[in-house]
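Accompanying notes for the structure given below.
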Amino acid sequence: MREKIKEELSRKIRDAAGKYILELKLDLTVMPHINLESPKDKAHGDFASNIALQLSKQLKLAPRIIAEAIIKYFDPDCSWIKKKEIAGPGFINFYLHDSWLFEIIPEVIKQKKKYGSSDIGKNQKVMVEFVSANPTGPLHVGHGRGAVVGDVIANIMEFAGFSVTREFYINDTGNQMELLGLSAWIRYQELLGEEIKFPDNGYKGDYIKDIAKQFFAKYKDNYKRGAKEEYPGKTNIKIFSKFTGNYILKNIKEDLNIFGVKFDNWFTEKSLHESGQVKSAIEELRQKGYIYEQDGAQWFKSTVFGDDKDRVVITKENKTTYFAADIAYHRNKYERGFDKLIDIWGADHHGYIKRVKAVVEAFGHPYDSLDIIMIQLVSLMRNGVPVSMSKRDAEFVTLKEIIDEVGSDVSRFFFLMRSCDSDLEFDLELAKKESMENPVYYIQYAYARISSIFREMENQKIKLVPLSKIDFNELKEEHETELVKKLACFPGLLVQCAAAHEPHHLTKYLQELAGIFHGYYKKHKVLLPDQKGKMQARLYLVKSVKQVIENGLELMGVSLPEKM
RNA sequence: GCGCCUGUGGCUCAGCUGGAUAGAGCAUCAGAUUGCGGAUCUGAGGGUCGCACGUUCAAAUCGUGCCAGGCGCACCA
């Protein structure tokens with residue numbers, strides 16, 4: 001609704017400016033884009049236009065004179081504008097009538113869980129691919145951030161009318177998997193009393209030892225190495241790597257499940273190889289002239305599309321590279337009919353962006369149809385001291401440990417709070433504090449307080465009268481208009497989050513909304529049996545605040561406690 | 001050396017499709033409850049927006065160059 005008003009207002013400003021320019025008999029080649037902003041400062045109205053400042057140069061007139069003229073020519077029959085004023089260097093500030101504002105409340109109440117949703121996605125098919133951790137070890141904190149960001153971007157885009165598929169890409173082939181199998185094999189032999197030198201680049205985490213025990217429990221000593229066998233043969237490596245990979249993947253799925261992150265699809269790299277898609281994708285690129293041979297290897301001409309160097313897709317040993325599989329994978333995504341692809345990667349993969357974007361273009365898809373979101377690092381703090389995260393020594397903190405320690409709600413919220421571009425400092429002590437330092441509780445507390453008002457309402461046998469009988473003009477307090485204005489911003493905010501793929505604005509919004517509510521709650525009472533009209537209006541106001549908090553937290557996957 | 005991200009009050013961060021007096025939380029200080037939940041509220045102090053040029057009526061925001069931190073630069077995955 002706020003968006004509609006905004007559009008309407010822009011048009012009226014454009015009309016007024018047009019009439020003025022006509023009167024001046026000037027040839028204006030470009031009418032600047034009408035840029036309506038919502039001023040940060042309440043004293044600057046509900047909408048502000050900088051049109052006069054923009055026109056000032058072309059018209060060779062002082063901005064304030066232009067502003068006055070635009071106001072003069074502004075549609076005199078427009079009823080929903082309460083006041084127009086010129087301010088500062090030449091801004092025109094528009095104030096809306098409160099009565100119009102209060103139409104927001106019935107809208108929230110009627111739309112319920114749909115309030116804030118939109119159809120800007122026009123049902124376009126979007127794939128969000130995220131986490132995609134190698135099944136070589138447990139998920140760590142960094143994966144957690146990517147998981148929540150991906151999950152919530154998907155939620156928000158769905159809410160904005162996109163048709164979203166969530167996918168996890170499993171790298172279940174290649175050297176790393178073999179190394180994983182070897183590591184498990186060695187641990188297994190150790191259980192059987194054999195001493196074998198552990199490779200430097202092997203997986204040293206204790207979880208491998210646990211898996212070896214599981215393996216032993218199932219197969220006993222059937223795979224004990226032969227007397228002359230120093231390292232296992234190919235078949236045994238495969239058996240161990242499959243067992244270990246499956247085991248770890250199962251754990252990854254469990255952790256994500258606990259964290260409330262669900263996928264529609266688990267896509268294996270192996271399937272690309274087995275179905276011949278890796279080969280055929282390279283063939284397609286070859287036909288398009290983007291593949292050449294040099295030094296016995298096959299190269300993809302990614303430099304054509306701005307990459308720093310060309311990339312090998314088939315090695316001298318005639319093996320396809322990881323990148324080759326990624327070529328096939330992205331082609332496959334488009335073949336499945338997705339209009340937009342979103343890949344969410346850890347910051348350490350940024351060097352990979354150009355070559356994958358090159359693939360997109362090489363197959364003839366628009367550059368922008370793939371958005372790669374980089375998630376910067378998470379540093380874990382405990383009492384102001386960084387927690388060691390060295391993966392080499394397997395000291396890293398797993399996602400599971402974090403969730404166990406601070407809970408899913410707090411973890412999710414903390415991961416979402418910051419812009420993806422910023423490093424994120426995750427303070428474990430802060431996360432555990434049940435106080436105002438912790439923004440999650442602050443928001444949930446607002447929700448619980450409203451719930452409590454309605455519990456009390458029932459205790460006092462007060463009934464809500466039908467919406468049609470409510471007179472919202474009873475809402476005269478400053479807090480009340482402020483709350484309603486905040487509620488009105490919700491749909492626009494979500495559109496912005498969906499379009500920019502930036503979920504962190506939502507955390508900020510909910511903190512602000514909760515803040516206004518807490519101030520209101522402290523100062524004004526809702527349950528006023530002596531003033532029925534006012535009470536009923538307030539009940540509906542508070543009910544819509546509750547609804548918006550609910551919609552927001554639900555998008556973030558954070559729970560809604562009726563009591564705390 | 002090249003590339004990506006970041007640099008905003010003591011701390012953690014918003015703001016970055018240029019707009020008015022740069023915001024929020026924490027911390028600090030001073031206050032608030034005979035009332036629907038004090039996990040709350042009100043107020044105060046605290047800032048050369050890393051530095052320097054440039055573009056503009058207007059720069060935290062755009063451009064260029066430096067400085068600092070993080071992360072990458074495989075015929076590994």
Side-chain angles (χ1 to χ4, degrees), chain A residues 33 35 37 39-41 43-44 48 50 52-54 56-57 62-63 87-91 93 134 136 171-179 201 269 294-299 308-309 311-323 325-326 346-354 374-377 379 381 384 417-427 430 433-442 444-446 448-457 459-460 462 500 504-505 507-508 511-512 514-515 517-528 535 538-539 542 563-564:
Chain A
H33 176 71
N35 201 349
E37 37 186 295
K40 291 175 244 174
D41 192 333
H44 296 146
N50 61 350
L53 293 155
Q54 289 176 313
S56 156
K57 194 167 192 181
F91 291 99
N93 297 335
N134 292 354
T136 53
N171 304 128
D172 52 356
T173 59
N175 298 345
Q176 298 304 315
M177 288 309 288
E178 285 181 19
L179 197 55
N201 53 357
E269 182 187 352
Q294 192 183 312
D295 305 329
Q298 305 282 318
W299 299 71
D308 307 329
K309 50 182 280 196
R311 307 290 172 177
V312 171
V313 290
I314 298 177
T315 68
K316 263 190 273 205
E317 286 83 31
N318 202 30
K319 282 170 117 172
T320 52
T321 60
Y322 171 79
F323 178 52
D326 241 357
D348 51 341
H349 289 76
H350 73 254
Y352 214 76
I353 295 177
K354 277 185 184 168
M374 305 309 299
I375 308 276
Q376 295 299 318
L377 290 173
S379 56
M381 307 288 279
M417 264 197 311
R418 306 297 176 219
S419 149
C420 294
D421 290 337
S422 287
D423 292 339
L424 183 141
E425 187 169 298
F426 196 115
D427 188 325
L430 174 63
K433 276 190 190 162
E434 296 191 357
S435 74
M436 48 185 167
E437 291 170 60
N438 195 326
V440 191
Y441 294 112
Y442 187 78
Q444 290 181 323
Y445 186 51
R449 271 182 149 174
I450 299 173
S451 305
S452 147
I453 292 174
F454 285 97
R455 278 196 299 273
E456 185 59 26
M457 182 189 87
N459 284 343
Q460 296 184 22
I462 297 168
H504 71 280
H505 302 294
T507 61
K508 199 160 178 61
Q511 288 181 74
E512 286 164 0
F517 170 75
H518 284 307
Y520 175 58
Y521 181 90
K522 190 72 188 179
K523 197 165 174 193
H524 305 286
K525 204 173 168 181
V526 174
L527 294 175
L528 302 163
M535 174 177 74
R538 286 186 175 179
L539 279 168
V542 158
K563 293 181 184 174
M564 292 175 73

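Chain letters run A, B, ... following the sequence lines, proteins first, then strands; residues in each count from 1.
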**OP:** Please state whether the phosphate of C41(B), meaning OP1 or OP2, lies under 4.0 angstrom from any side-chain nitrogen or oxygen of Tyr442(A).
**Re:** yes
**OP:** Check the pair Glu269(A), Thr173(A) against side-chain hydrogen bond (donor to acceptor under 3.5 Å, both in side chains), reporting the backbone distance first and the verdict last.
**Re:** CA-CA 7 Å; Glu269(A) 182 187 352; Thr173(A) 59; 3.0 Å; yes
Original post:
Under 4.0 angstrom, heavy atoms only, what part of the nucleic acid is Lys354(A) near: base, sugar-phosphate, or nothing?
Top reply: nothing
Subject >> Phosphate OP1/OP2 of G38(B) contacted by Arg449(A) side-chain N/O (<4.0 Å) >> reply: yes
Original post:
Under 4.0 angstrom, heavy atoms only, what part of the nucleic acid is Ala347(A) near: base, sugar-phosphate, or nothing?
Top reply: sugar-phosphate
Subject >> Polar side-chain atom of Trp299(A) near backbone of Gln294(A) as donor-acceptor pair, under 3.5 Å >> reply: yes
Original post:
Which nucleotide sits closest to the side chain of Leu377(A): C41(B), G19(B), G70(B)?
Top reply: G70(B)
**OP:** Considering only NZ, NE, NH1 and NH2 on the basic side and carboxylate oxygens on the acidic side, decide whether Asp295(A) and Lys316(A) come within less than 4.0 Å.
**Re:** no
Subject >> Is_stacked (Tyr445(A), G37(B)) at 5.5 Å, 30 deg >> reply: no
Subject >> C1'-based separation of G47(B) from A60(B) [nearest Å] >> reply: 12 Å
**OP:** Carefully, step by step, assess Arg538(A) and Tyr520(A) under the rule side-chain hydrogen bond (donor to acceptor under 3.5 Å, both in side chains).
**Re:** CA-CA 11 Å; Arg538(A) 286 186 175 179; Tyr520(A) 175 58; 3.3 Å; yes
Original post:
Whole Å only: how far is the CD atom of Gln444(A) from the P atom of U40(B)?
Top reply: 13 Å
Original post:
Which is true for Ala448(A) with a 4.0 Å heavy-atom rule: it touches a base, it touches only sugar-phosphate, or it touches nothing?
Top reply: base
Subject >> For Arg449(A), all residues meeting side-chain contact (heavy atoms from CB on, under 4.5 Å), sequence neighbours excluded >> reply: Tyr445(A), Phe517(A), His518(A), Tyr521(A)
Original post:
Quick one: Glu37(A) CD to A22(B) P, roughly how many Å, whole number?
Top reply: 16 Å
**OP:** Just call it for Asn459(A): base, sugar-phosphate, or nothing, with non-hydrogen atoms closer than 4.0 Å on any strand.
**Re:** nothing
**OP:** Enumerate, in order of first residue number, the stems that involve RNA chain B, defined as 3 or more consecutive Watson-Crick or G-U wobble pairs with both distances under 3.5 Å.
**Re:** B:1-7 with B:67-73, B:10-13 with B:23-26, B:28-32 with B:40-44, B:50-54 with B:62-66
**OP:** With the side chain of Ser452(A) defined as its heavy atoms from C-beta on, choose the nearest nucleotide among G72(B), G38(B), C36(B).
**Re:** C36(B)
Original post:
For RNA chain B, whose closest nucleotide is more 5', that of Gly515(A) or that of Gln511(A)?
Top reply: Gln511(A)
Original post:
Between C57(B) and C13(B), how far is it from one P atom to the other, in whole Å?
Top reply: 37 Å
Subject >> Residues that Glu37(A) engages under salt bridge (Lys or Arg N to Asp or Glu O under 4.0 Å), provided they are two or more places apart >> reply: none
Original post:
Closer to the 5' end of RNA chain B via nearest nucleotide, is it His349(A) or Leu527(A)?
Top reply: Leu527(A)
Subject >> Shortest side-chain distance from Asp348(A), nucleotide among G72(B), C41(B), A77(B) >> reply: G72(B)
Original post:
For the side chain of His350(A), counting heavy atoms from C-beta on, which of G3(B), G37(B), C76(B) is nearest?
Top reply: G3(B)
Subject >> Gap in Å between the two P atoms, one belonging to U55(B) and one to G63(B), rounded >> reply: 15 Å
Subject >> Pair of N/O donor and acceptor under 3.5 Å linking A20(B) base with Asn93(A) side chain >> reply: yes
**OP:** Can you tell me the distance, in whole Å, between the OH atom of Tyr520(A) and the C1' atom of A32(B)?
**Re:** 20 Å
**OP:** Rounded to the nearest angstrom, tell me the gap between atom CG in Asp427(A) and atom P in A27(B).
**Re:** 13 Å
Original post:
Would you say the side chain of Asp308(A) and the base of G3(B) hold a donor-acceptor pair, judged only by whether the two atoms sit under 3.5 Å apart?
Top reply: no
Subject >> Length of the line joining Glu512(A):CD and G23(B):C1', which is rounded to integer Å >> reply: 9 Å
**OP:** Give a yes/no on whether any side-chain N or O of Tyr521(A) is located under 4.0 angstrom from OP1 or OP2 of C36(B).
**Re:** no
Original post:
Heavy atoms under 4.0 Å, any strand shown: does His518(A) hit a base, just sugar-phosphate, or nothing?
Top reply: sugar-phosphate
**OP:** Please work out if Gln176(A) contacts a base, only the sugar-phosphate, or nothing of the nucleic acid, heavy-atom cut-off 4.0 Å.
**Re:** base
Original post:
Among G72(B), A74(B), C5(B), which nucleotide sits nearest the side chain of Asp421(A)?
Top reply: C5(B)
Original post:
C1' atom, A14(B) versus C49(B): distance in rounded Å?
Top reply: 13 Å
**OP:** Give the nucleotide from the list U40(B), C75(B), A39(B) with an atom nearest to the side chain of Lys309(A).
**Re:** C75(B)
Original post:
Quantified in whole Å, what is the C1' atom distance between nucleotide A52(B) and nucleotide A68(B)?
Top reply: 15 Å
Original post:
For the residue pair Tyr352(A) and Tyr322(A), does the interplanar ring angle fall in the parallel (under 30°), tilted (30 to 60°) or perpendicular (over 60°) class?
Top reply: tilted
Original post:
What integer number of Å spans the C1' atoms of A59(B) and G18(B)?
Top reply: 6 Å
Subject >> Sugar-phosphate, base or nothing in reach of Phe454(A), heavy atoms under 4.0 Å >> reply: nothing
Subject >> Any Arg455(A) side-chain heavy atom under 4.5 Å of Met457(A) side chain >> reply: no
N/O-N/O pairs, protein side and nucleotides 11-18 of chain B side, under 3.5 Å:
residue	atom	partner	partner atom	Å
U12(B)	O2'	Arg418(A)	NH2	2.8
C13(B)	OP1	Asp423(A)	O	3.3
C13(B)	OP1	Glu425(A)	N	3.3
C13(B)	O2'	Arg418(A)	NH1	2.7
A14(B)	OP1	Ser419(A)	N	3.0
A14(B)	OP1	Ser422(A)	OG	3.1
G15(B)	OP1	His504(A)	NE2	3.0

Original post:
Residues two or more places apart in sequence or in another chain: which of them pass ring pair (Phe, Tyr, Trp, His ring centres under 6.0 Å) with His349(A)?
Top reply: none
Original post:
What pairs with Lys508(A) under side-chain contact (heavy atoms from CB on, under 4.5 Å), at least two apart in sequence or on another chain?
Top reply: Glu512(A)
Original post:
Starting at OH of Tyr352(A) and ending at C1' of G72(B), how long is that distance when rounded to a whole Å?
Top reply: 14 Å
**OP:** Begin from the C-alpha positions of Arg418(A) and His504(A) and carry the test side chain to side chain contact (heavy atoms under 4.5 Å, CB included) through to its verdict.
**Re:** CA-CA 6 Å; Arg418(A) 306 297 176 219; His504(A) 71 280; 5.9 Å; no
Original post:
What's the closest nucleotide to the Gln376(A) side chain, out of C75(B), C5(B), C76(B)?
Top reply: C5(B)
Original post:
In whole angstrom, what separates Met564(A)'s CE from G37(B)'s C1'?
Top reply: 11 Å
**OP:** Whole angstrom is fine here: how far is it from CE in Met374(A) over to P in G70(B)?
**Re:** 18 Å
Original post:
Looking only at heavy atoms, which two atoms of Met535(A) and Leu528(A) are closest? And how far apart?
Top reply: SD-N, 3.4 Å
Original post:
Would you find a donor on one side and an acceptor on the other, under 3.5 Å apart, between the side chain of Thr320(A) and the backbone of Ile314(A)?
Top reply: no
Original post:
C53(B) and C11(B): how far apart are their C1' atoms, nearest whole angstrom?
Top reply: 32 Å
